[in-house]
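First comes the structure, then the notes that go with it.
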There are 2 protein chains.
Amino acid sequence: MAETAQQIADDLRARIDSGEFAPGDRLPGEPALVRQYGVAKMTANGALKILVAEGIAQARTGSGTYVREFKPIVRDAVKRLARSQWALGSSIWSADVEDRPRDVADLDVSEIEAPKWVARALGLNEGATVICRSRLYLVEGEPVQSAISYLSADLVRDTQIAQPDTGPGGTFKRLEEIGSAPERFEEDLRARMPSAEEAERLQVPAGTPVVEIYRTAFTGDGRPIEVNRMLLDAGSYVMRYRFES
Amino acid sequence: MAETAQQIADDLRARIDSGEFAPGDRLPGEPALVRQYGVAKMTANGALKILVAEGIAQARTGSGTYVREFKPIVRDAVKRLARSQWALGSSIWSADVEDRPRDVADLDVSEIEAPKWVARALGLNEGATVICRSRLYLVEGEPVQSAISYLSADLVRDTQIAQPDTGPGGTFKRLEEIGSAPERFEEDLRARMPSAEEAERLQVPAGTPVVEIYRTAFTGDGRPIEVNRMLLDAGSYVMRYRFES
DNA sequence: AAGTGGTCTAGACCACATT
DNA sequence: ATGTGGTCTAGACCACTTT
């Protein structure tokens, strides 16, 4: 009795790992922990907070604290390589069905002065303007990713890329039509905790990191043509890459 | 006066973003916050804890709470594509010098019964045995990544792969010598908060996620030959991928 | 010795959800 | 109406680091 918050959390974690509490199950609440371990309410609260911060549990005010589940969407960055070339059953995480209802929200197109890092990534002069297209992706009504892409305004201002609806085939098809088809891509990924605004926008529960991806698209002759900054809810995604040699 | 912990944290975060506190700087301590905002010590502690949990700050007991820095190592998964083919200056994050002293620790080789997910990934029967090689990578003496790779024991038991020192060229060279050169790779990435043991092993500060990578290596004819589970300190890495089409 | 973060108690109030 | 998590207070003790 009279344990510390960390010890209570360790105990609960062990009981979760043992299968005593399955994903979706409700954990003992604060009053129960106060009784069972003989601690103050705030200590019990602290124990549950530790599990929430670890992403193991999820608190629902007024209801209880529940064991969290992980059903990722597989984000396959290199789709062109036919899956058949690869061995079967190699997936580590049980991929979610790809048929979940998807949606796009907050679509916005604007022309702005290029931020420094964008100018650098696109090889533009200081003060050049870019078309930026931002959007929010939803799966089953829940936001899972935000994206904002930047293209040289001089290059695409007069194309459909500067319009909310880019038309059939999208941005890349339009780029191809003006002789700037993207052929090579580079993605830089970083994982970190979200800021308060990011957590709000993506509706990520506490204890869930985000994955920040910067994708630069290059033409066949090596010109950077687009930069796309994506922010993914790490609790909703598995990123997949395939490469050779 | 009499603000909430979240509000104090928001205030401090804004002051960090504004540049008032630079990376490495010491933030106002608990007593200072108690005075300035007129709150209880525990509330001041809570405010600093929020910043630490967000990975923005780092607490050093007995000394103070400091603004954190991000100097990543670039982990380039696809090194074969010559960098020269690509445009320059496209890097988003200021990459750290690649010349920092690296080290490997806790090298361990053993033969075990394949865990279920390993058997599935390698296409082995239930109960097959695998050679597993685990190691811990250090940079400047700090652990940044743990890795454990699995290979069919029947295939590599009699090679140097089953020895602590795999010899010149390493595991892949030895595989090539037995006609099983890895040619294709698949990496599945996921970001999440570390468990207590993982945080301990990688020495990650609170508020830092880890990146879990499962890499499967395939031979030219599509046989899975190795699975490697890596765990990276997200505060130390940027993952880079390049691909075409 | 003084200052720092870390943690706990015991009691209080709030907003919210479930019954 | 009751139970839940969320948060704050005021005071206490500890381990650690800095001076």
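Numbered from 1 within each chain, the chains take letters A, B, ... in sequence-line order.
- Backbone-only contact: A:Lys49 has heavy atoms under 4.0 Å from sugar-phosphate atoms and none from a base.
- For the pair A:Gln58 CD and C:dA17 P, the computed distance is 14 Å after rounding to whole Å.
- Taking only side-chain atoms of A:Met42, from C-beta outward, the nucleotide of C:dA10, D:dG5, C:dG5 with the closest atom is C:dA10.
- Sequence order on DNA chain C of the closest nucleotides to A:Gly62 and B:Gly64 puts B:Gly64 first from the 5' end.
- With rounding to whole Å, B:Leu27 atom CG is found 13 Å from C:dG5 atom C1'.
- Between B:Leu33 atom CG and C:dG5 atom C1' the separation is 12 Å, expressed in whole Å.
- Note on B:Thr65: a side-chain N or O is less than 4.0 Å away from OP1 or OP2 of C:dG5.
- Nearest to the side chain of A:Lys41, among C:dC8, C:dC13, C:dG6, sits C:dC13.
- Of the residues listed (B:Arg240, B:Arg75, B:Arg242), the one engaging A:Asp188 in a salt bridge (Lys or Arg N to Asp or Glu O under 4.0 Å) is B:Arg240, and it is the only one.
- Contact annotation: the side chain of A:Arg192 approaches that of A:Val210 to within less than 4.5 Å [non-hydrogen atoms, C-beta and beyond].
- Surrounding CD of B:Glu142 are at most 12 heavy atoms belonging to other residues, nucleotides or ligands under 6.0 Å away.
- Atoms CG (A:Asn45) and C1' (D:dG6) sit 6 Å apart, rounded to a whole Å.
- Rounded to whole angstrom, the span from the OH atom of A:Tyr66 across to the P atom of D:dG3 amounts to 15 Å.
- Remark: A:Arg60 is not in phosphate contact with C:dT18, judged by side-chain N or O atoms under 4.0 Å from OP1 or OP2.
- When each of D:dA10, D:dT18, C:dA10 is scored by its nearest atom to the side-chain atoms of A:Ala40, the top-ranked nucleotide is C:dA10.
- The side chain of B:Ala59 has C:dG6 as its nearest neighbour among C:dC8, C:dG6, C:dC13.
- Whole-Å rounding puts the A:Leu48 CG to D:dG3 C1' distance at 14 Å.
- Atom P of nucleotide D:dG3 and atom CZ of A:Arg35 are separated by 10 Å, given to the nearest angstrom.
- Nucleotide D:dC8 holds its P atom 14 Å from the CD atom of B:Glu30, rounded to whole Å.
- For A:Glu200, the CD atom counts as loosely surrounded, since its 6.0 Å shell holds 12 or fewer non-hydrogen atoms of other residues, nucleotides or ligands.
- Cation-pi check for A:Arg190 over B:Phe70 is met; the charged atom lies under 6.0 angstrom from the ring centroid and within 45 degrees of its normal.
- Between D:dC8 and B:Thr4, a contact under 4.0 Å exists linking OP1 or OP2 to a side-chain N or O.
- Considering only side-chain atoms of B:Thr43, the nucleotide from C:dG5, D:dC8, D:dG6 that sits closest is D:dC8.
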